[in-house]
Amino acid sequence: MITVEEPIYSPCAGTVERVYIKENTHVYEWEKLLLIKGNNGSVEEVAIGVSGHIKSLHVNVGEMVGPQTVLAVIKDDLLITGSD
């Protein structure tokens, strides 16, 4: 069986405001995973276009992150969902 693990990256520099996920939990495509308050004051919602299990979580609330910081790693369940 093929397994695919993908990192989830921060879209901006800022502070982790909220973490909605935990390790070993299942998430769905485009589910809200984290909130990051950008250095410019805007709040960025982190979501990804795959579903699967969170293999590892690399950040905590209050932690500073930069663009492209790995926030978590997801093990893709390789299920095709959604529609055009």
Side-chain angles (χ1 to χ4, degrees):
M1 182 172 168
I2 297 173
T3 60
V4 177
E5 293 180 5
E6 298 187 38
I8 301 168
Y9 295 103
S10 174
C12 62
T15 305
V16 177
E17 288 284 303
R18 183 120 193 223
V19 178
Y20 295 102
I21 57 175
K22 294 179 183 177
E23 287 185 10
N24 301 315
T25 58
H26 187 270
V27 296
Y28 296 95
E29 290 179 38
W30 307 117
E31 181 178 342
K32 190 184 321 181
L33 307 176
L34 300 104
L35 293 179
I36 298 174
K37 185 172 186 179
N39 292 338
N40 64 359
S42 66
V43 176
E44 297 285 333
E45 185 177 291
V46 178
I48 57 171
V50 299
S51 59
H53 284 84
I54 299 299
K55 181 172 175 144
S56 58
L57 182 60
H58 295 256
V59 295
N60 295 303
V61 172
E63 191 170 329
M64 297 291 293
V65 296
Q68 299 302 306
T69 298
V70 175
L71 305 171
V73 175
I74 187 169
K75 181 178 175 186
D76 193 334
D77 61 16
L78 302 174
L79 296 176
I80 298 172
T81 59
S83 62
D84 291 340

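Atom set for the values below is all heavy atoms of this structure, side chains included, hydrogens, waters and symmetry mates excluded.
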- Task: Can you sort out the partners of Ala47 under side chain to side chain contact (heavy atoms under 4.5 Å, CB included), two or more places apart, ordered by chain and number?
- Result: Trp30
- Provide the full list of side chain to side chain donor-acceptor pair (under 3.5 Å) pairs with a residue in residues 5-27, sequence neighbours left out, each pair given once. Glu5-Lys55, His26-Asp77
- Could you pull out all residues at least two apart from His58 that satisfy side chain to side chain donor-acceptor pair (under 3.5 Å)? Ser56
- Task: For residues 60-75, pull every pair meeting side chain to side chain donor-acceptor pair (under 3.5 Å), keeping only residues two or more places apart or in separate chains.
- Result: none
- Under a single-linkage rule joining Ile, Leu, Val, Met, Phe, Trp and Tyr whose side-chain heavy atoms are separated by less than 4.5 Å, which residues share a cluster with Leu34? Ile8, Val16, Val19, Ile21, Val27, Leu33, Ile36, Val46, Ile48, Val50, Ile54, Leu57, Val59, Val61, Val65, Leu71, Ile74
- Return the minimal non-hydrogen interatomic distance between Pro67 and Ala13, and the atom names on each side. CD-CB, 3.7 Å
- Item | side chain to side chain donor-acceptor pair (under 3.5 Å): pairs with one or both residues in residues 40-50, sequence neighbours excluded | Asn40-Ser42
